[in-house]
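To find a chain, count down the sequence lines: A is the first, B the second, and so on, and within it residues start at 1.
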Number of protein chains: 2
Amino acid sequence: MLLRTSDSRPRRTWPSTSTTWPRATIPRSRASMVDLGVLKTFLAVIDSGSVVAAARERGYSPAAVSRQIGWLQRRMGVRFFEPDGRSIRPTSDALEFAVRARELVDEVNRFERYSSRFGAARR
Amino acid sequence: MLLRTSDSRPRRTWPSTSTTWPRATIPRSRASMVDLGVLKTFLAVIDSGSVVAAARERGYSPAAVSRQIGWLQRRMGVRFFEPDGRSIRPTSDALEFAVRARELVDEVNRFERYSSRFGAARR
DNA sequence: AAGGCTTACGCAATTCGTAAGCATG
DNA sequence: CATGCTTACGAATTGCGTAAGCCTT
């Protein structure tokens, strides 16, 4: 399949003048060191002290929240939560990181409001 | 399928005590009003003045960049680029929005560096 | 047992690159 | 006719919810 053996027109693909494309299909999701959604979830867990509560707050299943936290921890190479009885307890690293993360999320929220207004103003 | 008609154990799924889950599979991608990757691409197009150049800079195909810009415009309800001969020209809205967007991206870059240091320090 | 956290599994949805079309110079 | 932008298409990957397991109270 996909042969299309005939049709030998020299149709230019892209780019004609330089190196061909480096990789074949880069999935983009969560590639950037920073995933805002995960950061928001992280803060929700910190604030509520529970995966279940954070899940409800963010509109996810607890499984999704658990996965997001796991992803963040692996990404950072740091342990952010430890099991504490039936619940979890944030590490001191988590609390420290949360301060900075909250600054960013606040900034993002401001930007989100700006964007909404910007769009609404000229429509 | 998925019936499992027998096996009538009252296996708790989740959550047992409250309303069932609101939606069935929310894809998260680009759901948050802000997509940092798209914002970076937008700025790259502004700075280079060309979709092709921005694509090269960002490591995407021109098609991908074109789609990302289209997505952003639809999202914002604003036209950011107009065809200008064989190239494109940013609207005044684009230039205005770019100022604010750049602030955010800069802030995110700072956070990215912080995160790297944070992770590296305790490993 | 019941409540809370985590992993396995299947699925839906997204986004990418390639291909192809259209317009401009 | 070469360059640049955009859309259609198929492929690949992700990230979700559900299901199920483990551990604590």
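At whole-Å resolution of the value, CD in A:Q68 and C1' in D:dG17 are 13 Å apart. Rounded to an integer number of Å, the gap from CG of A:D84 to C1' of C:dG3 is 15 Å. Rounded to whole Å, the distance from CD on B:E82 to C1' on C:dA23 is 16 Å. Taking atom CZ of B:R89 as the reference point, atom C1' of C:dA23 lies 16 Å away to the nearest angstrom. A straight line from CG of A:D35 to P of C:dT14 spans 16 Å, rounded to a whole angstrom. As rounded to whole Å, 16 Å separates atom C1' of D:dT6 from atom CG of B:L72. When the P atom of C:dG17 is taken as reference, atom OH of B:Y60 falls 8 Å away, rounded to whole Å. Atoms CZ (B:R56) and P (C:dG17) sit 12 Å apart, rounded to a whole Å.
Scanning for ring-ring contact (aromatic ring centres under 6.0 Å, His included) contacts around B:F111 gives A:F97, with sequence neighbours left out. Taking the salt bridge (charged side-chain N to carboxylate O under 4.0 Å, His left out) definition, one finds that A:D47 meets it with A:R102, sequence neighbours left out. In this view, B:R89 satisfies the side chain to side chain donor-acceptor pair (under 3.5 Å) rule with no residue, not counting sequence neighbours. For B:E107, the salt bridge (charged side-chain N to carboxylate O under 4.0 Å, His left out) test picks out A:R100, B:R110, with sequence neighbours left out. For A:A94, the side-chain contact (heavy atoms from CB on, under 4.5 Å) partners are A:F42, A:I46, A:F80, A:P90, A:T91, not counting sequence neighbours.
The shortest distance between side-chain heavy atoms of B:V51 and B:I69 does not fall below 4.5 Å.
Side-chain proximity of A:S50 to the nucleotides C:dT18, D:dG17, C:dC5 is greatest for C:dC5. Residue A:S87 has its side chain nearest to C:dC5 when only C:dC5, D:dT24, C:dG17 are considered. Side chain of B:S61, nearest nucleotide from D:dG17, C:dT18, C:dC16: C:dT18.
Using a 4.0 Å cut-off between charged nitrogen and carboxylate oxygen, A:R122 and B:D93 count as a salt-bridge pair.
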All N/O contacts under 3.5 Å from nucleotides 6-9 of chain C to the protein, with atom names and distances to one decimal?
residue : atom : partner : partner atom : Å
C:dT6   : OP2  : A:S66   : OG           : 2.9
C:dT6   : O5'  : A:S66   : OG           : 3.1

